[in-house]
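What you are looking at is a predicted structure, and each value in this text was computed from that prediction instead of being measured.
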Amino acid sequence: MTEIVLASASPARLALLRGAGLDPKVIVSGVDEEAVVADSPSELCLALARAKASVVARELTGGLVIGCDSMLELDGQAYGKPSSAQEAASRWRSMRGREGRLLTGHCVIDVAGGREVSEVGATSVRFGTPTDAEIDAYIATGEPLRVAGAFTLDGPGGWFVDGIDGDHGNVLGISLPLLRRLFAALGVSVATLWQGA
């Protein structure tokens with residue numbers, strides 16, 4: 001059985017993969033995200049995903065390493081996790097009633113084969129119009145401070161997302177269809193990785 005390693009501390013990514021039949025080992029990369037720069041939000045989340053996967057892959061002799069990084073693109077700017085409650089509240093006041101793109105960079109490294117494939121998933125997100133009081137209450141839950149874009153679909157933030165166009169898993173942190181294509185590009189059928197397969 002091929003070992004799957006998730007180079008991410010994200011509980012949402014781990015839950016998605018487990019729910020879809022994989023049982024990855026988690027090894028957090030420790031990459032200094034502030035040190036990575038790129039020319040666009042899309043290139044930045046891909047560079048971060050590749051950096052995370054590469055750091056973890058260097059410590060292993062085999063298996064498939066999955067690295068991911070998510071951010072919200074709004075007005076051409078990349079937004080990761082807010083650094084403070086004030087920043088999260090300000091961001092929500094600027095996002096409400098608008099549409100952004102949740103970008104997730106995906107990188108898979110076949111450690112033994114020395115091969116790497118990567119791609120960015122993009123999902124359009126239409127934000128609702130929460131009141132200032134609702135925004136403040138949402139910030140008080142602490143959730144927006146832990147996630148890229150300051151929102152989730154599967155937590156309290158879901159109340160304030162009117163809709164999405166694209167893969168919902170991508171917004172949660174990992175796109176299963178995109179990941180399946182990356183595995184296939186490495187010659188691996190996802191069905192062979194399912195538990196009990």
Indicate every side-chain donor-acceptor pair of residues 60-68 with a distance under 3.5 Å to a residue at least two apart or in another chain.
none

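- Separating the OG1 atom in Thr104 from the CG atom in Leu48 is a distance of 11.5 Å, to the nearest 0.5 Å.
- The hydrophobic clustering, which links ILVMFWY residues whose side-chain heavy atoms are closer than 4.5 Å, places Ile109 and Leu6 apart.
- Not counting sequence neighbours, the partners of Glu87 by the side-chain hydrogen bond (donor to acceptor under 3.5 Å, both in side chains) test are Ser83, Arg91.
- Considering OG of Ser90 and CE of Met95, their distance stands at 10.0 Å, rounded to 0.5 Å.
- Here Ser189 pairs with Ala191, Thr192 under the side-chain contact (heavy atoms from CB on, under 4.5 Å) rule; sequence neighbours left out.
- Trp194 and Val108 fall within the same hydrophobic cluster, where Ile, Leu, Val, Met, Phe, Trp and Tyr residues are linked whenever their side-chain heavy atoms come under 4.5 Å apart, directly or through other members.
- Evaluation of the side-chain hydrogen bond (donor to acceptor under 3.5 Å, both in side chains) rule for Arg101 yields Glu73 as partners, not counting sequence neighbours.
- Considering every non-hydrogen atom in both Leu176 and Ala20, the closest pair reads CD1-CB, 3.6 Å.
- With rounding to the nearest 0.5 angstrom, the OH atom of Tyr138 is 6.0 Å from the OG1 atom of Thr141.
- Nearest heavy atoms, Leu182 versus Val117: O-CG2, 3.5 Å.
- Considering every non-hydrogen atom in both Leu145 and Ala88, the closest pair reads CD2-CB, 4.0 Å.
- Checked against side-chain hydrogen bond (donor to acceptor under 3.5 Å, both in side chains), Ser42 has no partners two or more places apart in sequence or in another chain.
- Taking CD1 from Ile174 and OG from Ser10, the interatomic distance works out to 8.5 Å, rounded to the nearest 0.5 Å.
- Smallest separation of non-hydrogen atoms from Ala89 and Ile139: N-CD1, 3.8 Å.
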| task | Apply the test side chain to side chain contact (heavy atoms under 4.5 Å, CB included) to residues Leu193 and Thr2: give CA-CA distance (whole Å), side-chain angles for both, the deciding distance (0.1 Å), then the verdict. | result | CA-CA 7 Å; Leu193 302 175; Thr2 303; 3.8 Å; yes

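- Listed by chain and residue number, Arg98 satisfy the salt bridge (charged side-chain N to carboxylate O under 4.0 Å, His left out) test with Asp75 (two or more places apart in sequence, or in another chain).
- Here CG of Leu17 is found 6.5 Å from CG of Leu179. Values are rounded to the nearest 0.5 Å.
- Put simply, CD1 on Ile135 and CZ on Arg93 are 5.0 Å apart, with the number rounded to the nearest 0.5 Å.
- The shortest heavy-atom contact between Pro82 and Pro144 is CD-O, 3.1 Å.
- Among residues at least two apart or in separate chains, salt bridge (charged side-chain N to carboxylate O under 4.0 Å, His left out) pairs with a member in residues 3-21 are Arg18-Asp23.
- Both Tyr79 and Leu102 are assigned to one and the same hydrophobic cluster, defined by single-linkage of ILVMFWY side chains at heavy-atom distances under 4.5 Å.
- Applying the salt bridge (charged side-chain N to carboxylate O under 4.0 Å, His left out) definition to pairs two or more places apart or across chains, those involving residues 180-193 are Glu119-Arg181.
- Only one option out of Asp132, Thr131, Thr129 pairs with Arg96 in a side-chain hydrogen bond (donor to acceptor under 3.5 Å, both in side chains); it is Asp132.
- Scored by the ring pair (Phe, Tyr, Trp, His ring centres under 6.0 Å) test, Phe127 finds Trp92, Phe151 as partners (sequence neighbours excluded).
- Following chains of ILVMFWY side-chain contacts shorter than 4.5 Å, one can reach Leu14 starting from Val190, so the two form part of one hydrophobic cluster.
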In a table with atom names and distances, give each donor-acceptor pair under 3.5 Å that connects a side chain of residues 26-41 to protein atoms at least two apart or in another chain.
| unit_1 | atom_1 | unit_2 | atom_2 | d |
| --- | --- | --- | --- | --- |
| Ser29 | OG | Val31 | N | 3.2 |
| Asp32 | OD1 | Glu34 | N | 3.2 |
| Glu33 | OE2 | Lys52 | NZ | 3.1 |
| Ser40 | OG | Glu43 | N | 3.1 |

Table please: side-chain donor-acceptor pairs of residues 155-169 below 3.5 Å, with sequence neighbours left out.
| unit_1 | atom_1 | unit_2 | atom_2 | d |
| --- | --- | --- | --- | --- |
| Asp165 | OD2 | Arg126 | NH1 | 2.8 |
| Asp167 | OD1 | Gly169 | N | 2.9 |
| Asp167 | OD2 | Ser175 | OG | 2.6 |

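- Leu172 is not connected to Val147 by any chain of hydrophobic side-chain contacts under 4.5 Å among Ile, Leu, Val, Met, Phe, Trp and Tyr, and they are in different clusters.
- Annotation: side-chain hydrogen bond (donor to acceptor under 3.5 Å, both in side chains) contacts involving residues 145-157, sequence neighbours excluded, comprise Glu143-Thr152.
- In terms of heavy-atom proximity, Glu116 sits nearest to Cys107 at CG-SG, 3.5 Å.
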